[in-house]
Amino acid sequence: MTGDGSRPVYRLGMIRRLVNLLMKALIRVGIKPGTTCILSVPGRKTGRMHSTPVTLVEDGNQRWLVAPYGPVNWVKNARAAGRVKLTRGRASEIVSITELGPQDAAPVLKRYVERVPVTRPYFDCGPDDPAESFVAEAADHPVFRLG
């Protein structure tokens with residue numbers, strides 16, 4: 001099923017839940033593929049902590065959090081909280097987040113699509129498209145600067 005006729009709609013089904021559980025377990029014991037970590041954020045209604053694996057875009061000292069599946073619950077919760085907890089192995093940190101506008105988000109989204117191929121079906125642009133093409137993607141894929 002697609003949202004606009006060409007792009008799939010993200011659904012947190014049984015298989016994705018199992019993959020997320022496996023990824024969280026691996027990250028917690030220190031097996032962390034690339035820039036993947038566990039994002040934890042309090043629910044905007046309940047205040048209960050929710051966790052999900054995410055892949056960051058990193059460049060030097062700068063880091064960004066990308067929402068490849070759109071404004072899903074963790075995005076809404078992070079916006080409400082203004083900060084998130086990131087965990088890799090035994091190390092955790094609480095960082096503030098700033099949502100980027102489309103122009104600033106575009107090059108980060110391009111990098112994300114280049115580095116995380118599993119999410120490409122959720123984007124209209126591909127890794128070979130110029131960064132300017134990703135400006136239109138920002139509305140559907142929020143990007144947050146960390147720190």
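Here the structure is a predicted model, which is why all the values come from computation and not from measurement.
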Minimum heavy-atom separation for [X] to [Y], with atom names?
X	Y	result
S40	M49	CB-CE, 3.6 Å
Y112	V66	CD1-CB, 3.6 Å
R44	A80	CB-CB, 3.8 Å

Any side-chain heavy atom of [X] sitting closer than 4.5 Å to one from [Y]?
X	Y	value
D59	V57	no
L65	W74	yes
N77	H50	yes

With no hydrogens and no angle check, is any side-chain donor or acceptor of [X] less than 3.5 Å from a backbone partner on [Y]?
X	Y	answer
R120	V113	yes
T119	V116	yes
K110	P130	no

Atom pairs and distances, donor-acceptor, side-chain atoms in residues 93-109, under 3.5 Å, two or more places apart:
{"residue": "E93", "atom": "OE1", "partner": "R63", "partner atom": "NH2", "Å": "3.2"}
{"residue": "E93", "atom": "OE2", "partner": "R63", "partner atom": "NH1", "Å": "2.7"}
{"residue": "E93", "atom": "OE2", "partner": "R63", "partner atom": "NH2", "Å": "3.2"}
{"residue": "S96", "atom": "OG", "partner": "G147", "partner atom": "O", "Å": "2.7"}
{"residue": "E99", "atom": "OE1", "partner": "R79", "partner atom": "NE", "Å": "2.9"}
{"residue": "E99", "atom": "OE2", "partner": "R79", "partner atom": "NH2", "Å": "2.9"}

- side chain to side chain donor-acceptor pair (under 3.5 Å) against R145, all qualifying residues, sequence neighbours excluded: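 None.
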- Just do the side chain to side chain contact (heavy atoms under 4.5 Å, CB included) check on T87 and K85 with the steps written out, would you? CA-CA 7 Å; T87 303; K85 179 180 175 185; 3.9 Å; yes
- Task: Kindly compute the distance separating CG (L39) from CZ (F144), expressed to the nearest 0.5 Å.
- Result: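 The CZ atom of F144 is 9.5 Å from CG of L39, to the nearest 0.5 Å.
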- Quick one: pull up OG in S92 and CG in L86 and give me the separation to the nearest 0.5 Å.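 Rounded to the nearest 0.5 Å, the OG-CG separation comes to 8.5 Å.
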- Could you go step by step and tell me if V72 and T52 meet the side chain to side chain contact (heavy atoms under 4.5 Å, CB included) rule? CA-CA 11 Å; V72 294; T52 190; over 6 Å; no
- Item | In one Ile/Leu/Val/Met/Phe/Trp/Tyr side-chain cluster, 4.5 Å: Y122, V75 |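 Per the 4.5 Å side-chain linkage, Y122 and V75 are co-clustered.
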- Check whether W64 and V135 end up in the same hydrophobic cluster, where Ile, Leu, Val, Met, Phe, Trp and Tyr are linked by side-chain heavy atoms less than 4.5 Å apart.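 Hydrophobic grouping puts W64 apart from V135.
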- side chain to side chain donor-acceptor pair (under 3.5 Å): which pairs involve residues 130-142, sequence neighbours left out?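 Applying side chain to side chain donor-acceptor pair (under 3.5 Å) to every pair that reaches into residues 130-142, excluding sequence neighbours, yields R7-D140, R7-H141, E137-H141.
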- Item | Pair T55-T35, side-chain donor/acceptor within less than 3.5 Å |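 T35 and T55 do not have a side-chain donor-acceptor pair below 3.5 Å.
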